[in-house]
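To find a chain, count down the sequence lines: A is the first, B the second, and so on, and within it residues start at 1.
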2 protein chains.
Amino acid sequence: MDRADSPSGARRRGPAPEYSLARIADAAVALADAEGLGAVTMRAVAADLGTGPASLYRYVGNRDELVEAMIDRVHGELDHRGVPSGDWRADMLALARGNRVLYLRHPWLLDTVESATHSGPNAIAYLERALGALSVVDADPTAKFEAIGVLNALVVMLTRSETATASDAATALLHARFAEAAADGAHPHLAAALTDRSPDQTPEDRFERIVLRVLDGLIAPRA
Amino acid sequence: MDRADSPSGARRRGPAPEYSLARIADAAVALADAEGLGAVTMRAVAADLGTGPASLYRYVGNRDELVEAMIDRVHGELDHRGVPSGDWRADMLALARGNRVLYLRHPWLLDTVESATHSGPNAIAYLERALGALSVVDADPTAKFEAIGVLNALVVMLTRSETATASDAATALLHARFAEAAADGAHPHLAAALTDRSPDQTPEDRFERIVLRVLDGLIAPRA
DNA sequence: CTCAACTGCGAACAATGATCGCAATAACAG
DNA sequence: CTGTTATTGCGATCATTGTTCGCAGTTGAG
């Protein structure tokens, strides 16, 4: 019942595995990048590899495991060397920036946050980096875990709002509903806020400003 | 192609609708509360109402619309009167607290954050309240929207971690992987952080402390 | 050479979201 | 009162998807 592919030292019996978890995950990632996570069906991935869906189950227990493999695979794209630099603020900002570009490059990652916990090797390596960055801070580990978690949630939220373009149907609907609510007289503050648009700020600036502020709030002087 | 149920003034022709969006949403909410969002299939909801799946489509365009109705329905459980009180910090904390209990009562809401945007009437009413609370703050509307969004993301994340009990399979797996990584020698900071457990703090305290800190960081003195 | 372990995968199954069409019903027009 | 029409309830049915079964083919071990 074990998986094909797994590096169990010596070559086992039977034919050598024709595919690999990495190849399958790559195909799935390509599909998700192009058409969203919903397009990642076992059939579609298998078809892209030129085989049938059943073959994939030699490498993956189920679809969730495939998604997990995808997640960890793209997490490997990040290069966080030099992150425990001593300046924890800069370090955390760098980690956040890295996650941001990762989410922008693979927007489907934003859809996996709530279903699958990112706990693959690369995600754990990331956590190790973050803890390393915070090792110079005098706070108890629980607070550090919290800070990392909050930071990640923040990055997800910010990137999600960055990804929501007006061309998107859901976003258009949202705006329409806002406008409607603002016009019905029962939502004065909303109406005011919508008319009083304050403008252009690059996404990057917005991102860094908010991340830094939250960081400062989180790791405030001990009470 | 219009929906049954919708209050189009005078009674229309044909038989009076036997169900209603509200009743259907209630049944679905009950199902989700008991067995999770995955248990909310058209068939299951219909069966709970004593009918077939096709009937629901007179009241709902598709499953996503049903989930949206569920979301807005439970958002109506919150009573946020007295929230624009003048003390914006207290107001925002109260709103956050309200959302927290809502998420704890209906954990499946945490699974809807990324798929469906919460933009029903009750969600918009919530937004209006929050904007009202922040109306006494001198900041541009964009920043206020951001603050509200960040606050919500924060509440979601904190409540999610509160919901993840050790009895949960996913959480158990996560802890196992952490322990494994901590033991392999390549993750010293993780190992240190895991052994150095700092203890007991009520979830409520944790929640309020973090929310207040982030709020203070967000609405920091203008730069 | 034989056997056992292993892989690839076509065929099939169950569950689910969704559609179609028709019978039943009730307001409306005359 | 009758015929028309808009509307509802819903059984039957379809397409899609995740997943399993079983078997043929392959390869190393004894």
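Following rounding to the nearest Å, A:Met42 (CE) and C:dG10 (C1') show an atom-to-atom distance of 16 Å. In this structure, A:Leu66 places its CG atom 14 Å from C1' of D:dT17, rounding to the nearest Å. For the pair A:Asn62 CG and D:dT17 P, the interatomic distance rounds to 17 Å; values are reported in whole Å. The nearest whole Å value for the distance from the CD1 atom in A:Ile24 to the C1' atom in C:dC9 is 13 Å. Whole-Å rounding puts the A:Leu56 CG to D:dT20 P distance at 13 Å. Between A:Arg58 atom CZ and D:dG25 atom P there is a gap of 16 Å when expressed in whole angstrom units. B:Arg63 places its CZ atom 16 Å from the P atom of D:dT17, with the value rounded to the nearest Å. The distance from atom OH of A:Tyr59 to atom P of D:dT19 is 18 Å, rounded to the nearest whole Å.
Not one N or O on the side chain of B:Ser55 forms a donor-acceptor pair closer than 3.5 Å with the backbone of B:Thr51. At distances below 3.5 Å, at least one donor-acceptor pair connects side-chain atoms of A:Glu128 with backbone N or O atoms of B:His189.
Between B:Thr51 and D:dG9 there is no side-chain polar atom (N or O) within less than 4.0 angstrom of OP1 or OP2. Under 4.0 angstrom from either OP1 or OP2 of D:dC10 there lies at least one side-chain N or O belonging to B:Tyr19. The side chain of B:Arg13 places no N or O atom within less than 4.0 Å of a non-bridging phosphate oxygen (OP1 or OP2) of D:dT5. Using a 4.0 Å cut-off, some side-chain N or O of A:Ser55 falls inside it from OP1 or OP2 of C:dC9. For the pair B:Tyr57 and D:dT8, the criterion of a side-chain N or O lying under 4.0 Å from OP1 or OP2 is not met.
Here the CG atom belonging to B:Leu131 is positioned 10.0 Å from the OH atom belonging to B:Tyr126, to the nearest 0.5 angstrom.
We find that B:Glu162 and B:Arg206 are not joined by a salt bridge, their nearest charged nitrogen and carboxylate oxygen being 4.0 Å or further apart. The pair B:Arg100-B:Glu204 meets the salt-bridge criterion, since a charged nitrogen lies less than 4.0 angstrom from a carboxylate oxygen.
When each of B:Arg43 and B:Glu18 is assigned the nucleotide of DNA chain D with its nearest heavy atom, B:Glu18 is the one assigned upstream, toward the 5' end.
Ranking C:dT19, D:dG25, C:dT16 by closeness to the B:Ala54 side chain, first place goes to C:dT19.
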